[in-house]
Amino acid sequence: MKINNMNIIQSNAQKYWALLIFFIFHVFSAQAQDSIAVTNHIIDSQVKNEIFKFPVSYTNQYIKDFTFTEISYQYQKNEFARTQVANEINTYNFLAQGYYTTKSKWKLFGDLSISKFDEKNLGWILSDERTEDQEVVAPHYFLVPREANWTNQKYDFNGGFSKEITNKISFAAKVNYSTGKFTRNLDPRPQIITRKIGGEVQFGYSLIENHKVFVLANYSRLDKDFTYTYKDDHLNVETKPETYLRFNTGYGRIINYFKSNYSGGRRFLYKDIITKAGLGYTFNNKNNTFTISYYNQKSNNNFYNNVFGTEDQERLKYETTTNHVELFSFHKWDKKEIKSTAKFDFSNSRNFDVNNNGYNYKNSLNTISWLTSISKRTKSYIDYLFGFDILYRQNEYNDVMATADIEINALNIGIFGSKDFAFAKSKLNVTTSFNMYFPLPSKLEYYDTSGGTNVRFFDEVIIHDYAVSTTNYFAPALRLEYSYPLKNNKTVVFFTDLKEKIALKKQTDYPVSINTNTTYWVQMGVQLNY
């Protein structure tokens, strides 16, 4: 068969609360002047992201202390979407973030996120990955066509510190820890427990005043303990395709499930070792910041036939190499600011089958993005903000064993704006954005080497997702924030977000049915800023 188209969790919450309380209540600041003031708003998101990403670059900068605490609820209805996402998602989230400078000039920062989200009617994947924000998930996971509900929770903590050690040498360190539990509520009933811990160190050296070079190194380990059970074991037979457990070892290659070597045959392990090394240059003065950085990241994701990840239990390896280049610039004058971020990402992956002693899947993902905004604000009021962003993607996926060759090229163009409307004491902020997705000439070629046993996965996942990825869409969004000042320089903010994804024109010219009804998100919550 050939198609060729070119037209187109655990209860660790107490630990996180203790860490958060440490950051909030046990740090005292003393600084003479603030040159960078950050708010929990889109107007400062680019600067805040840079400070948290490369803290060694800002050790000699005055940054005003801040704390953001937020609780929110989001409802998401997926209509126009790829296959391996839920039809509906309800998310409850707590978020806290802070940055502080001590009397001895130590800069401490961190964030904590706690999420619970329920997914309705999710099929074709028994993993914790989803294709909402990625075209294809990692190529080794269990699957069944049958849709079912999931109940999930995630805890994420990131924190660190930075300091000028001498007039020339600066240092920064970051640590991250996350855990999650993902549970499906219908046969087969997988339970996935994830644990990730990692750290990063950054060293900077001042060449001359305002000019600094830096290096960084990062190491992380992610473990996923995968267990499945059947309430009725008779459902796991090939004559019941809706409940029969199968395994994806590439984008199109599906094989019958294999037993674990662990007692009971139902427990497996994913282990991912991630290393990163990079360097950069930064220039800082009172009104300007410029940073250019590069890093190389390698990920070795192994799948084991046993919960004990020993070498003799390795079944599949998935290796990814990523090269990342980033440029950030910031300039302010009078009451105006201009910020610009450009990113270049180039990654290549291969999936190796240990039993067959060779690779059976590879991909190449290349993206270029540019985000720029200009704004004016008077004290804490946003007089105006205008910006645009561009994202170009050139992605290829190739499954050698199932003989699938896919190229997806696309361009995203977006514009956004924001403004405050002041009242006697309070204010209302209105932020709008408009994004257009343009599929560029793409390709899908597929040869069914399974004798027809994989045809349903091809029809309902591969072709369907390709059609979604090659369909124009329009994505407007609106955010409203009502802010009211409290005592002791605190501010309470009530907010709501409305987003839509509206399908416009399918680019593929072969018969395939996809849902083009509008996908939308509704979020509401409250923040405390101080």
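All heavy atoms count here, side chains included; hydrogens, waters and symmetry mates do not.
One finds a salt bridge joining Asp128 and Lys224 here, because a Lys/Arg side-chain nitrogen approaches an Asp/Glu carboxylate oxygen to under 4.0 Å. A salt bridge does not link Lys501 to Glu79: none of the charged nitrogens lies less than 4.0 Å from a carboxylate oxygen. Between Lys105 and Glu164 there is no salt bridge, since no side-chain nitrogen of the basic residue lies less than 4.0 Å from a carboxylate oxygen of the acidic one. Of the charged side-chain nitrogens involved, none lies within less than 4.0 Å of a carboxylate oxygen, so that Lys120 and Asp118 do not count as a salt-bridged pair.
In this structure, Tyr397 and Tyr251 have tilted ring planes: the angle between them lies in the 30° to 60° band. Classified by interplanar angle (parallel below 30°, tilted 30° to 60°, perpendicular above 60°), the ring pair Phe171/Phe161 is tilted. Tyr437 and Tyr473 have parallel rings, their planes meeting at less than 30° on a 0 to 90° scale where 60° marks the start of perpendicular. Under the 30°/60° scheme for interplanar angles, the aromatic rings of Phe54 and Phe214 are found to be tilted. Under the 30°/60° scheme for interplanar angles, the aromatic rings of Tyr92 and Tyr73 are found to be tilted.
Between Tyr100 and Trp106, the distance from one ring center to the other does not fall under 6.0 angstrom. Annotation: Phe66 is in aromatic contact with Phe68 [ring centroid separation under 6.0 Å]. Ring centers of His331 and Phe290: at least 6.0 Å apart, outside the cut-off.
Shown here for Lys48 and Asn40, the closest heavy-atom pair between the two residues is NZ-OD1, 3.3 Å. Between Ser426 and Pro485 the shortest heavy-atom distance is CA-CD, 4.3 Å.
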Where do Arg350 and Glu319 land on the salt bridge (Lys or Arg N to Asp or Glu O under 4.0 Å) test, with the steps shown first?
CA-CA 5 Å; Arg350 283 196 175 193; Glu319 298 178 354; over 6 Å; no

Go through it in stages, so that I can follow the logic: the residues are Lys499 and Asp497, the test is salt bridge (Lys or Arg N to Asp or Glu O under 4.0 Å), and I'd like the CA-CA distance, side-chain angles, deciding distance and then a yes or no.
CA-CA 7 Å; Lys499 296 187 291 183; Asp497 285 289; over 6 Å; no

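Using a 4.5 Å heavy-atom threshold, the side chains of Ile192 and Lys181 count as separate.
Remark: Lys427 qualifies as a cation-pi partner of Tyr381 under the 6.0 Å distance and 45° angle criteria applied to the six-membered ring.
No option in Arg377, Lys376, Lys332 other than Arg377 meets the salt bridge (Lys or Arg N to Asp or Glu O under 4.0 Å) test with Glu337.
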